[in-house]
2 protein chains.
Amino acid sequence: MARPSRPLLSRERIVAAALALVDAEGLDAVSTRRLAAELGVAGPSLYNHLATKDELLDAVVDAVLGEVDLSMFTGGPDWRGALESWARSYRAALAAHPRVVPALSQGMGRRPNALRLADAVFGGLVAAGWPRREATRVGALMRYFITGSSLGSFAGGFPDDAAVYQGDYPNLGEAHLLAARQREIDESAFEAGLTALLDGLELRLASLRIR
Amino acid sequence: MARPSRPLLSRERIVAAALALVDAEGLDAVSTRRLAAELGVAGPSLYNHLATKDELLDAVVDAVLGEVDLSMFTGGPDWRGALESWARSYRAALAAHPRVVPALSQGMGRRPNALRLADAVFGGLVAAGWPRREATRVGALMRYFITGSSLGSFAGGFPDDAAVYQGDYPNLGEAHLLAARQREIDESAFEAGLTALLDGLELRLASLRIR
DNA sequence: ACCTGAACACCGTTCAAGT
DNA sequence: ACCTGAACACCGTTCAAGT
């Protein structure tokens with residue numbers, strides 16, 4: 001075929017197809033040949049638009065981060081409310097693409113949406129009265145909690161089979177029931193943690209102000 | 001060579017070599033051929049001891065979890081102190097093997113050390129007076145925070161290059177300085193989050209008791 | 001500029017053959 | 001039981017050749 005008059009591919013189309021493939025079949029299913037086939041093209045064609053597979057996965061992660069709502073950080077004084085709804089939006093974006101989460105470990109690099117996110121959170125906290133150093137910490141620790149809550153299900157991790165727990169694990173006698181209530185447990189654990197974290201941060205800000 | 005009189009390999013030796021290889025060069029460096037070479041053996045030999053590469057990575061993760069101290073959950077009433085030192089030990093184990101963390105996403109499966117960990121935390125919380133349902137949530141949310149704080153550095157994720165932030169990110173004017181203070185920032189964010197979480201959980205337990 | 005087939009140096013895994 | 005070489009169906013990436 002050689003060069004077509006109108007390009008068959010674009011970076012965006014490749015990234016969108018890759019995200020769909022990760023969602024459907026997981027990170028391991030994304031090979032350059034497989035992805036190219038999905039796009040109706042030969043394997044090496046992708047290299048006209050992306051330098052490496054790593055760059056592709058980076059772009060996929062960034063696309064997911066682009067779904068996070070940041071509009072709540074517009075300088076109001078209610079940092080708690082902003083952090084809370086941001087955390088839910090962030091988690092929802094990751095929960096919509098759970099198989100992408102392990103790829104988050106690469107750090108934010110130069111991904112524009114990752115940086116936009118960090119910028120908004122930091123700016124919002126500082127505008128609401130948090131000292132800059134502390135705002136950095138709060139941004140980090142919120143990210144820890146949110147990404148951790150998306151890195152694989154807690155409840156879903158327990159095998160469904162009562163025999164696994166016999167004998168060795170005295171406190172896990174009912175653990176085989178967890179998988180069935182997976183969504184409810186993960187959700188309520190996230191909400192409980194979010195509330196605890198925000199309550200704790202209110203105490204922290206108050207004690208910073210006294211000193 | 002065929003079968004040697006004394007086995008050359010054992011599951012443990014393979015897992016230990018794999019962990020060392022992940023630590024040194026990352027998850028991607030672990031191929032069956034490469035790992036076998038490291039062990040002085042041909043590639044397919046590994047399959048006499050492990051069914052698949054996935055099973056190998058599972059065992060590597062479990063070996064790391066085996067380094068987490070659980071001795072603090074021995075039934076005392078000080079759940080806060082126990083949770084705090086457990087969280088530090090857990091984080092230290094993951095921080096010692098940061099490149100293993102993305103593999104944690106597979107859930108706990110049948111990994112004995114993962115189950116032992118869940119068992120100890122849940123048992124300790126129940127013994128200290130937490131209702132069983134709540135203890136499940138607390139175990140989950142603590143895991144979220146700890147694994148999230150180990151899934152890649154926050155501070156280290158920011159490029160070292162001031163030019164990256166020019167213009168687009170009004171609040172990240174000093175973000176290029178973060179990488180240099182990476183360890184300090186990640187550490188203090190973890191400690192700040194841990195304190196906030198535990199403060200928040202104290203409030204939560206108190207409010208459960210009132211109702 | 002953008003797509004292609006061929007090629008290189010790899011993968012995970014299976015299996016018959018050896019002791 | 002445990003190790004081997006050969007083989008299968010894959011990988012990511014490069015590159016010269018085509019338009």
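In what follows, chains carry the letters A, B, and so on, assigned in the order in which the sequence lines appear, proteins first and then strands, with residues in each chain numbered from 1.
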Test of understanding: with side-chain hydrogen bond (donor to acceptor under 3.5 Å, both in side chains), list the residues that count as partners of B/D199, not counting sequence neighbours. B/R80
Nucleotide C/dA7, atom P - distance to OH of A/Y47 in whole Å: 19 Å
Can you name the side-chain hydrogen bond (donor to acceptor under 3.5 Å, both in side chains) partners of B/S71, sequence neighbours left out? B/D69
Considering residues at least two apart in sequence or located in another chain, which fulfil the salt bridge (charged side-chain N to carboxylate O under 4.0 Å, His left out) criterion with B/R34? B/E25, B/E38
Using heavy atoms and a sub-4.0 Å distance, could you list which residues of residues 48-57 of chain B are near DNA chain C? By number, please. B/T52, B/K53
Check whether any side-chain N or O of A/S45 sits under 4.0 Å from OP1 or OP2 of C/dC2, and answer yes or no. no
For B/R204, the salt bridge (charged side-chain N to carboxylate O under 4.0 Å, His left out) test, sequence neighbours excluded, returns B/E134
Could you list all the ring-ring contact (aromatic ring centres under 6.0 Å, His included) pairs where at least one residue sits in residues 177-199 of chain A, not counting sequence neighbours? A/F145-A/F190
Can a side chain N or O of B/S31 be found less than 4.0 Å away from OP1 or OP2 on C/dC11? yes
Does any donor-acceptor pair link the side chain of B/R33 with the base of C/dG12 at a separation under 3.5 Å? yes
So what stems show up for DNA chain D if we need 3 or more Watson-Crick or G-U pairs in a row, all under 3.5 Å? C:4-8 with D:12-16, C:12-16 with D:4-8
Quick one: salt bridge (Lys or Arg N to Asp or Glu O under 4.0 Å) pairs with a partner in residues 4-19 of chain A, sequence neighbours left out? A/R11-A/E55
Measuring only between side-chain heavy atoms, which start at C-beta, is A/R137 closer than 4.5 Å to B/E191? no
Can you tell which of C/dT14, C/dT4, D/dC3 lies closest to the side chain of A/A42? C/dT4
Side chain of B/P4 only, heavy atoms from C-beta on: which candidate in C/dC11, D/dC2, C/dT13 is closest? D/dC2
List for me each residue that meets salt bridge (charged side-chain N to carboxylate O under 4.0 Å, His left out) alongside B/R99, sequence neighbours excluded, and say none if there are none. none
Could you verify whether a donor N or O on one side chain and an acceptor N or O on the other, from B/D186 and A/Y144, lie under 3.5 Å apart? yes
Using a cut-off of 4.0 Å on non-hydrogen atoms, how would the nucleic acid contact of B/P7 be classed: base, sugar-phosphate, or nothing? sugar-phosphate
Specify the separation, in whole Å, of atom CG of A/L35 and atom P of D/dC10. 16 Å
Separation of atom CG in A/L46 from atom C1' in C/dA1, rounded to whole Å: 16 Å
Got a sec? Which of residues 17-30 of chain B come in under 4.0 Å of DNA chain D, heavy atoms? none
Could you tell me which residues satisfy side-chain hydrogen bond (donor to acceptor under 3.5 Å, both in side chains) with B/E84, sequence neighbours excluded, listed by chain and number? B/R88
Rounded to the Å, how far apart are B/L9 CG and D/dA1 P? 17 Å
Rounded distance in Å - CD1 (B/I14) to P (D/dC3): 8 Å
side-chain hydrogen bond (donor to acceptor under 3.5 Å, both in side chains) partners for A/E67, two or more places apart: A/H97
